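Step one of this worksheet: look at the structure below.
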Amino acid sequence: MMDINFSACLKKLHRARVHLVMASTQLSFSGWHIVGSIALGNGADPLIFSMYREVTASILMFLFAFMKEDAIVPIEKCDYLRFLFLGVCSFTNVVGFIFALQLISANACALMQPTIPVFATIISVAIGTEELTLLKSCGILCAVGGAMVMQLWMADDGDDDSSSNMSVGMGLLVVQ
């Protein structure tokens, strides 16, 4: 008779689910770069496109949180301004990315994407919100390493970005 260890099976299932979510998130961001580049190339208004992206993301995040019964907790009144500020920051982030995507190629935008956790960690450590740990350092190294690998094997997408467009686009990406 075979003895099944359900606890070990549940741990493996949980790990597989975490990896599946991380992979699907990466595919979503990659698809977002392609869809954004195509939409803007076909004349979509950047602000309207950003609004659609934010509304869709908000609905999906709410549905995901709703499926997890302990994820939805009442929001205290003192946090309303914080959530409003975070929403404005998120929208500004997307708008900056959309405008940068109009100026430079989708490959160049995707190359800059891994800098987000680098800058976020630097800022959070500088203001004392977080401590720099070995695990966070390894995550940053992986993000930077991924960008370097992408740069080394990035196919020429045929875009002929002018130097001024490239400078402005990269500046927008760094600020966003």
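Values reported hereafter were calculated over all heavy atoms of this structure, with side chains retained and with hydrogens, waters and symmetry mates removed. Predicted model, so just to flag it, every value in this text is computed and none were measured.
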>> If you count every heavy atom of other residues, nucleotides or ligands that lies below 6.0 Å from Phe85 atom CZ, does the total exceed 12?
In response: no
> In terms of hydrophobic clusters joined by side-chain contacts under 4.5 Å, are Val88 and Phe91 together?
Replying inline: no
> Below 4.5 Å, heavy atoms only, C-beta onward: do Thr56 and Arg53 meet side chain to side chain?
Replying inline: no
> Distance from Glu54 atom CD to Phe49 atom CZ, nearest 0.5 Å?
Replying inline: 11.0 Å
>> If hydrophobic clusters are built by linking Ile, Leu, Val, Met, Phe, Trp and Tyr wherever their side-chain heavy atoms come under 4.5 Å apart, do Ile59 and Met51 end up in the same one?
In response: yes
> Roughly how far, to the nearest 0.5 Å, is the OG atom of Ser124 from the CD atom of Glu131?
Replying inline: 10.5 Å
>> Please report the interatomic distance CG(Leu172) to OG(Ser167), rounded to the nearest 0.5 Å.
In response: 11.0 Å
>> Would you compute the distance between atom CG of Leu84 and atom CG of Asp79 and round it to the nearest 0.5 angstrom?
In response: 12.5 Å
>> Ignoring hydrogens and geometry beyond distance, is a side-chain donor-acceptor pair present between Glu130 and Thr121 at under 3.5 Å?
In response: no
>> Minimum heavy-atom separation for Gly169 and Ala100, please, with both atom names.
In response: O-CB, 3.5 Å
>> In this structure, would Leu47 and Val168 fall into the same cluster of hydrophobic residues linked by side-chain contacts under 4.5 Å?
In response: yes
> Would Ile104 and Val35 show up in the same hydrophobic cluster when neighbours are defined by side-chain heavy atoms closer than 4.5 Å?
Replying inline: yes
> With hydrophobic residues grouped by side-chain heavy-atom distances under 4.5 Å, do Val125 and Phe119 end up in a single group?
Replying inline: no
